Every structure is written in C-alpha cells, then in structure tokens.
Amino acid sequence: MKYFFFVAAAVMLAGGFAGMSELPQLGTAMLFIGGWCLYKGVKNAKNDERRLALSGEAESERAAMLQESYDKAVGDYRAIETARRTIGDIELSNNLAAMQQVSGKLLRYLEKHPDRIPLARKFIDYYQDRAAHLAAKYAELEETGINTAEIADMKERTKIALSQMNDAYAEQFTAVLNDRLLDMDAELKVLSQTLSQDGVTTNGRRPPLLGKPGEAVGVLPAANTSVGRRNSAALSIIPPAKRSDVVLTKVIQSALAIFLGGFGAHKFYQGKTLQGVLYIIFCWTAIPSFIGFCEGLRYLFMKLDTFYLDYYEKRT
C-alpha cells in the first residue's frame, strides 16, 4: 500500500506543478493531494517497521499470536466504547468511561512492550472480553424499551458486575507491572543499604512502594481507581498524551473542509480517497463546496470526544 501512495504522490505533485500556471485552483488541489499521499506513504512505511519491531527476535508464530491478542484487546476496547455511547444510563456510561481510561493506558503500554502481552492474557481474554459482552447486552436491553421486573433486575445486576470490574482493571494492570515493581523494590532496598553504609540516613522514612522488611509489594491503592465517581464533565476517553494532537487534527480537518471542501481536501485528509476523488470530479458544480462547508462547521463544533471516536481513531 505504501508504494501506491508514493506513486500517487509523484503523479499528483508533478501534475500540480504543471497545472499551476493555467489552472491554479486545480493545481493547488493536486499539490495538496500529492502531499497527503506522500504523508500516507511515509506513515505506512513506519507502520511496517513497527510491525517488524513487534516480532523482534521472537519466532514469527509467537509474534503472530501476540499481534492477534493485541488486536482482540483493541477490538473489545472499541466494542465497549460503541456500547457506552448508546447506553442511556449515565452512571453506567461514566463507569464504562472510567474503565476505558484504564484499558486505554494498558493497551498503550502493551503496544510499547509487546513482550508483556502474555502477562495481560487474563485481562484480554476474560475481563475486557466479558465487559464488552455485558455492555453490548445491556445496550440491547435498553434498546427494546421494555422495563419489566425481570429486565430491570438483569440490568441492575449487569451494572453492579461492570462497576466491580473497575477495580479489577487496575489490578490486572498492576499484575502486568508486578515484576517491574519488584525490580524497583529490590533496587531501592540495595540503594537504602548502600546509603546506610555510607552514613546517609533516611530519617526512618520508607518509599511508598516499600513495605516492612520482607513484605511483598502490594497492588496500587484502590482509591486511585475510583474515576467513575468523578463528575462526568471531567471524564474523557481521549488519552492525555493524544489530546493536543486530536485538537490539531480537528482544526485542520475543519479548515480543509471549509476552505478546500470543493476539492475534497478533508476527505483525502481522513483517508477517504474515493470520496475525495468524487469531490474533485464534481468540483465544477457548487455542490461539493457547499457540502464541504457544512461538514467543516460540523467538525468545528463537534464535541472533542465524539470527533476522537468518529474520525481521529479511524484515521490513525
């Protein structure tokens, strides 16, 4: 696929430069499309390198299994988010959002450390899998509009089960990190002993992760996992590290739709090449420009979380 984008970039850039003198608008659009194709080609090349890095020195079969497990985790994450957006119960929706925050951080950690995926097997194959299943079933029950005693009881039991998974998510993440914590514990103990031998004291204070001598490191405090109890306005499914990039993408996509929507610039930016080509074909009419302008305003005033789900995640 990367070669297709590189070839398309060369054709579009050459055509854009050639047409700038006689047809400046069309030439500008072709230059933009060529630049976008070049960007996609470079990005696909980097993705290929990332996939190779995933396998590393591991055998190809093991690497494929790790990739399959990771893809399943991402699929379940998106399934939960789809169900959360359709669920009308605010309390449950907030709790699912809190779970998604923990899940998203764990998935990003596993993406950077694929060798740790086997340690997250229980989270991937059981906890998140069950959460996705229960959230989808709850959404189905709500969609029926029927609220008999049996259905109300089942919905309440499902809410309780999902709320209990909030702490389980954090504990599973801690289990993945446990050997790292033990290594840190050992290093801190050695450092403490070395400091003591050199006459440096810590005034009896002990780092939070260290228990009493000989005591194992415990899980992180459960109080840190009560995100679902916060005000719903403070909840966001967007990872903090990506928030600025999501805002920038939203602004760029809105501007492209408003000012270059007649040439389908925003569609090419989203990766919807076929739709972008259709916009160019009919750019001589006023219809693509009008539609692009309306879409640009919709992107601009869309909630950031909604934009993240509908456009940013699908684009990346």
Side-chain angles (χ1 to χ4, degrees), residues 1 5 32-33 35-47 49-51 70-71 73-87 90 93-113 128 131-132 135 169 173 225 227-228 230-261 263-273 275-276 279 291-316:
M1 195 66 180
F5 283 116
F32 172 81
I33 296 169
W36 175 85
C37 289
L38 182 62
Y39 163 77
K40 291 293 291 184
V42 173
K43 187 173 183 180
N44 283 350
K46 289 183 177 179
N47 287 339
E49 293 177 359
R50 181 184 297 179
R51 294 189 189 97
Y70 182 78
D71 290 343
V74 173
D76 287 338
Y77 175 92
R78 291 176 175 167
I80 293 173
E81 194 53 44
T82 299
R84 186 186 76 84
R85 295 178 61 195
T86 61
I87 289 174
I90 301 299
S93 180
N94 288 345
N95 186 69
L96 288 174
M99 293 167 60
Q100 290 292 79
Q101 288 183 344
V102 178
S103 178
K105 292 176 182 177
L106 176 55
L107 291 178
R108 288 192 297 277
Y109 178 82
L110 294 177
E111 183 182 11
K112 295 179 180 178
H113 307 278
Q128 190 175 233
Y169 267 41
F173 199 168
T225 65
V227 184
R230 298 176 186 170
N231 189 293
S232 60
L235 291 174
S236 175
I237 62 168
I238 303 174
K242 290 186 177 181
R243 192 172 186 85
S244 59
D245 190 44
V246 175
V247 173
L248 179 61
T249 302
K250 185 171 182 282
V251 172
I252 293 175
Q253 187 167 309
S254 302
L256 290 175
I258 292 173
F259 298 107
L260 292 173
F263 299 107
H266 58 300
K267 295 299 181 183
F268 286 105
Y269 186 71
Q270 295 171 29
K272 300 176 180 178
T273 308
Q275 293 184 26
Y279 272 66
I291 295 176
F293 182 79
C294 294
E295 288 179 318
L297 292 179
R298 186 167 65 88
Y299 302 148
L300 191 61
F301 294 104
M302 182 181 291
K303 290 183 178 179
L304 197 60
D305 279 20
T306 303
F307 181 86
Y308 173 75
L309 291 171
D310 291 347
Y311 296 101
Y312 184 87
E313 272 200 329
K314 294 178 181 178
R315 175 174 166 269
T316 56

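Reckoned from all heavy atoms, side chains included, excluding hydrogens, waters and symmetry mates. Since the structure is predicted, the reported quantities are computational estimates derived from the model, not experimental observations. Along the sequence shown, residues are numbered consecutively beginning with 1.
- Minimum interatomic distance between Leu96 and Ala135 (heavy atoms only, all atoms of both residues): CD1-CB, 4.3 Å.
- Under a cut-off of 6.0 angstrom, the local environment of OH in Tyr70 is crowded, with over 12 non-hydrogen atoms contributed by other residues, nucleotides or ligands.
- Within the 4.5 Å cutoff, no side-chain heavy atoms of Ile80 are placed close to those of Met99.
- Taking the six-membered ring where the residue is Trp, Tyr312 and Tyr308 present parallel rings, their angle staying beneath 30° rather than reaching 60°.
- Scored by the side-chain contact (heavy atoms from CB on, under 4.5 Å) test, Ile252 finds Leu248, Leu256, Tyr269 as partners (sequence neighbours excluded).
- Taking OH of Tyr77 as the reference point, atom CD of Gln128 lies at 9.0 Å (rounded to 0.5 Å).
- Put simply, the side chain of Thr249 does not reach to within 4.5 Å of the side chain of Tyr311, judged on heavy atoms.
- Put simply, CD on Gln270 and CD on Glu295 are 7.0 Å apart, with the number rounded to the nearest 0.5 Å.
- A salt bridge does not link Asp310 with Arg298: none of the charged nitrogens is closer than 4.0 Å to a carboxylate oxygen.
- Here the OG atom belonging to Ser254 is positioned 10.0 Å from the CZ atom belonging to Phe259, to the nearest 0.5 angstrom.
- Ile87 contributes atom CD1, which lies 10.5 Å from atom OG1 of Thr82 (distance to the nearest 0.5 angstrom).
- Between Arg84 and Glu81, at least one side-chain N (NZ, or NE/NH1/NH2) sits under 4.0 Å from a carboxylate O, which counts as a salt bridge.
- Lys250 places a side-chain N or O within 3.5 Å of a backbone atom of Met302 that can act as its donor or acceptor partner.
- Remark: Lys105 NZ is loosely packed, at most 12 non-hydrogen atoms of other residues, nucleotides or ligands lying under 6.0 Å away.
- The aromatic rings of His266 and Tyr279 stand perpendicular to each other, their planes meeting at an angle above 60°, with 30° marking the opposite boundary.
- Expressed to the nearest 0.5 Å, how far CZ of Arg85 lies from OG1 of Thr306 amounts to 5.5 Å.
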